[in-house]
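All remarks here apply to the structure that follows.
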Amino acid sequence: MAKLKRSDWYDFTRDTNWTPKYVSEEELFPQQMCGMTDAMDDWNSYDEPYKQTYTDYVKVQREKDAGAYSVRAVLERSKMWDNAPAPWRSVLIQHYGAIPLAEYAACTAEAHMTRFSKAPGMRNMATFGCLDEMRHGQMQAYFGHEHVSKTRQADWGWKAYHTNEWASIASRHFFDDMMTTRSAVETAIGLTFAFETGFTNLQFLALAAEAGDAGDHTFASLISSVQTDEARHAQIGGPLIRHMVEAGETERAQKMLDIGLWRAWKLFGTLTGASMDYMAPVELRKHSFKEFMEEWIVGQFERQIIDVGLQKPWYWEHWMKDIGEWQHSVQIGLWFWRPTVWWDHAAGMGPAERDWLEEKYPGWNDKWGKVWDVIIRNVAAGEIEEKVMPKTLPMVCNMCQIPIASGNPGGEWSVKDYQLEQDGRLYHFCSEQCRWVFEQEPARYQGHLDLNDRFLAGEIQPPTLEGALQYMGLAPGEIGDDAERYEWIKKFTRQEKVA
Ligand code: MN
Ligand code: MN
């Protein structure tokens with residue numbers, strides 16, 4: 001018997017909507033879980049841009065796994081780890097702590113869309129998405145495990161999300177909001193459209209390019225393998241938004257996009273932004289974080305937003321300014337509060353690095369460079385313990401949970417605590433945007449205690465840096481230090497140190 005072409009049967013076989021007889025449609029698809037206001041029948045028209053059958057899926061995924069795992073096997077005995085520059089090892093430790101368990105959590109998000117979407121095509125894509133995320137969790141947990149024998153910090157690949165370390169709290173706060181606590185509709189917009197379409201490209205493709213240049217082919221092949229899946233299941237959100245626009249629900253879709261994009265930016269600007277502009281070896285850097293953002297977000301994502309029928313988020317102009325500033329401000333914080341993270345943060349300082357920063361971000365020396373001048377002077381004078389170690393906790397934002405550090409320390413110093421009083425409690429935000437997200441749904445966010453709130457509530461004992469590190473789960477051998485043990489200071493001439 002002649003086989004039919006896939007295009008002849010695909011749509012027919014994936015149309016799995018039926019008329020429920022034993023329960024009502026509302027019972028089958030509770031509004032709170034699915035978030036779709038129109039009837040099941042209206043969702044048959046959801047047309048996924050990426051059509052794949054289970055047979056194809058398994059075949060392709062098997063090949064992808066074989067590719068990445070064989071690169072790893074071949075290079076297992078290579079001396080990559082020992083030979084890599086220290087800041088690159090820190091990038092790996094940071095990545096393996098922040099990503100694998102979040103991938104597992106993403107399985108829940110995809111499974112939620114698989115069960116509670118009224119659109120058969122969306123359920124189909126999300127089924128594969130769920131399998132994708134399981135693969136990502138397993139692969140990255142496994143690949144990162146290789147480093148456990150090298151440093152205790154690699155243990156954070158498993159540990160990070162189970163601790164009260166501040167970056168873990170920030171990541172959990174974001175991922176719980178986008179992935180595990182919203183309706184299928186909101187998850188599809190916040191996670192697949194805002195976060196995956198925009199940001200995983202940056203985390204995975206840009207980092208893969210840098211890994212390849214740095215000679216870390218295992219990591220490069222691992223994360224490119226992950227990204228090919230992301231690029232596919234990220235397409236769940238597009239047709240959904242188009243459907244909502246046609247159904248007159250533009251405002252709801254726009255709001256979710258604005259929330260998801262801002263929240264994703266804060267977290268990724270912090271972790272990925274600082275890594276790219278400061279931790280990757282300077283001689284290998286091809287693009288700045290800003291250039292990557294401009295290419296992936298401004299160039300590509302902006303078109304997609306318009307294409308599905310939405311507008312650029314209301315804060316677009318401020319955001320475009322932020323992509324040239326935020327990572328520099330937060331880099332100072334990440335480095336200064338280095339004992340509070342599970343990786344050894346690199347200062348990324350040296351005359352060559354500063355030249356690169358000035359070239360990519362004209363005016364850098366007059367802004368963030370001024371702060372580094374003071375740090376350099378103190379490190380050179382051997383006053384690390386007294387002058388370049390944190391003695392307090394930074395003020396963090398009640399939405400993104402990241403230290404409040406907007407603006408630049410040059411002439412435009414604009415750091416500000418955006419406040420809001422809600423039900424008798426004063427909340428603090430890093431930006432108009434984070435406050436706006438809170439105001440959209442106070443009930444969702446209020447009551448959460450940020451690190452300082454916990455400190456003030458007496459949860460952190462003793463109330464010292466040591467007590468705080470203990471509270472964050474940072475054991476000796478895991479507490480972050482300068483990635484290069486201050487060796488970079490030798491790159492400055494005496495003249496520069498005293499200037
Ligand atoms: Mn993933
Ligand atoms: Mn994903």
Side-chain angles (χ1 to χ4, degrees), residues 35 169-179 181-183 185-195 197-199 237 241 244-245 249-270 273 293 297-298 301-302 305-306 308-327 329-330 394-407 412 414-453:
I169 295 175
S171 305
R172 265 202 311 267
H173 194 284
F174 167 71
F175 286 122
D176 281 351
D177 192 10
M178 289 304 115
M179 304 202 301
T181 59
R182 289 179 181 269
S183 69
V185 161
E186 290 177 333
T187 304
I189 301 173
L191 174 63
T192 81
F193 193 74
F195 173 68
T197 309
F199 288 90
I241 296 173
M244 290 175 78
V245 169
E249 293 201 273
T250 310
E251 208 177 307
R252 193 156 72 101
Q254 181 77 49
K255 188 161 106 177
M256 196 56 218
L257 171 71
D258 293 2
I259 292 171
L261 214 51
W262 181 254
R263 298 221 57 192
W265 157 247
K266 287 298 296 196
L267 188 62
F268 272 70
T270 300
M293 284 293 296
I297 306 284
V298 185
F301 194 45
E302 184 185 358
I305 294 174
I306 307 302
V308 294
L310 298 182
Q311 308 280 321
K312 291 188 284 188
W314 60 269
Y315 48 77
W316 191 267
E317 208 176 309
H318 173 260
W319 189 27
M320 289 305 106
K321 192 164 175 284
D322 224 25
I323 66 174
E325 297 188 344
W326 169 250
Q327 64 274 35
S329 297
V330 85
M395 178 104 182
V396 301
C397 171
N398 276 129
M399 176 53 61
C400 64
Q401 313 295 319
I402 295 167
I404 296 177
S406 311
E412 302 170 66
S414 58
V415 69
K416 181 179 162 184
D417 171 20
Y418 291 81
Q419 304 184 341
L420 179 74
E421 208 182 307
Q422 179 76 36
D423 297 334
R425 179 178 156 189
L426 188 63
Y427 290 87
H428 306 272
F429 302 97
C430 67
S431 54
E432 190 69 58
Q433 289 85 323
C434 274
R435 181 167 67 185
W436 173 84
V437 172
F438 185 97
E439 284 172 323
Q440 303 315 301
E441 277 171 284
R444 165 172 285 271
Y445 305 109
Q446 72 186 29
H448 180 270
L449 299 179
D450 72 28
L451 204 59
N452 290 307
D453 298 327

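Quick caveat, the model's predicted, so the values are computed rather than measured.
- In this structure, the side chain of T192 does not engage the main chain of T197 through any donor-acceptor pair within 3.5 Å.
- Here the options are M320, E325, K321, Q327, the test is side-chain contact (heavy atoms from CB on, under 4.5 Å), and the partner is I323; only M320 passes.
- Taking the six-membered ring for Trp and the full ring otherwise, F193 and F301 have centroids separated by under 6.0 Å.
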Could you go step by step and tell me if M399 and H173 meet the side-chain contact (heavy atoms from CB on, under 4.5 Å) rule? CA-CA 8 Å; M399 176 53 61; H173 194 284; 4.0 Å; yes
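- To the nearest 0.5 Å, atom CZ of residue F174 and atom OG1 of residue T270 are 11.5 Å apart.
- Judged by distance alone, the side chain of D453 and the main-chain N or O of D450 form a donor-acceptor pair under 3.5 Å.
- To the nearest 0.5 Å, the span separating CD on Q433 from OH on Y315 amounts to 7.0 Å.
- The backbone N or O of N398 sits nowhere less than 3.5 Å from a side-chain atom of H448 that would complete a donor-acceptor pair.
- Closest of all the heavy-atom pairs between K312 and I305 is N-CG2, 4.1 Å.
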Would you check, one step at a time, whether the test side-chain contact (heavy atoms from CB on, under 4.5 Å) holds for M256 with R182? CA-CA 11 Å; M256 196 56 218; R182 289 179 181 269; 3.6 Å; yes
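- Here CZ of F199 is found 5.5 Å from CG of L261. Values are rounded to the nearest 0.5 Å.
- In plain terms, the two heavy atoms of G309 and T250 that are nearest each other are O-CG2, 4.1 Å.
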When you look at W314 and W436, which way does the ring-ring contact (aromatic ring centres under 6.0 Å, His included) test go after all the steps? CA-CA 11 Å; W314 60 269; W436 173 84; 5.4 Å; yes
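- C430 and C397 make their closest contact through N-SG, 3.3 Å (heavy atoms, listed as atom of the first residue, atom of the second, distance).
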Set out, in order, the CA-CA distance, both residues' side-chain angles and the distance that settles ring-ring contact (aromatic ring centres under 6.0 Å, His included) for F195 and F175, then state yes or no. CA-CA 10 Å; F195 173 68; F175 286 122; 5.7 Å; yes
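- Relative to the ring axis of W326, K266 places its NZ or CZ within 45° and under 6.0 Å from the centre.
- Taking every heavy atom of both residues into account, D322 and W265 meet most closely at OD2-NE1, 3.1 Å.
- Residue E251 places its CD atom among 12 or fewer non-hydrogen atoms of other residues, nucleotides or ligands, all under 6.0 Å distant.
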Test side-chain contact (heavy atoms from CB on, under 4.5 Å) on F429 and C400 and set out the steps. CA-CA 8 Å; F429 302 97; C400 64; over 6 Å; no
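- In terms of heavy-atom proximity, L451 sits nearest to V396 at N-CG2, 4.2 Å.
- Between the side chain of E441 and the backbone N or O of V437 there is no donor-acceptor pair closer than 3.5 Å.
- Put simply, the side chain of R263 never gets that close to the backbone of D177: no donor and acceptor are under 3.5 Å apart.
- Of all heavy-atom pairs spanning L257 and A194, the tightest one is CD1-CB, 4.1 Å.
- In this structure, the separation between CG on D417 and CG on L426 is 7.5 Å, given to the nearest 0.5 Å.
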Stepwise ring-ring contact (aromatic ring centres under 6.0 Å, His included) check, Y427 with Y445: CA-CA 11 Å; Y427 290 87; Y445 305 109; 9.9 Å; no
Full working for salt bridge (Lys or Arg N to Asp or Glu O under 4.0 Å) between R425 and E421: CA-CA 6 Å; R425 179 178 156 189; E421 208 182 307; over 6 Å; no
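- Separation of atoms CD1 (I404) and OH (Y418) is listed at 10.5 Å; rounding is to 0.5 Å.
- In this structure, the separation between CD1 on I259 and CE on M178 is 6.5 Å, given to the nearest 0.5 Å.
- A side-chain donor-acceptor contact under 3.5 Å links Q254 to the backbone of Q311.
- No donor-acceptor distance shorter than 3.5 angstrom exists from the side chain of D176 to the backbone of T181, with no hydrogens or angles considered.
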Candidate pair V245 and V308, rule side-chain contact (heavy atoms from CB on, under 4.5 Å), full reasoning: CA-CA 8 Å; V245 169; V308 294; over 6 Å; no
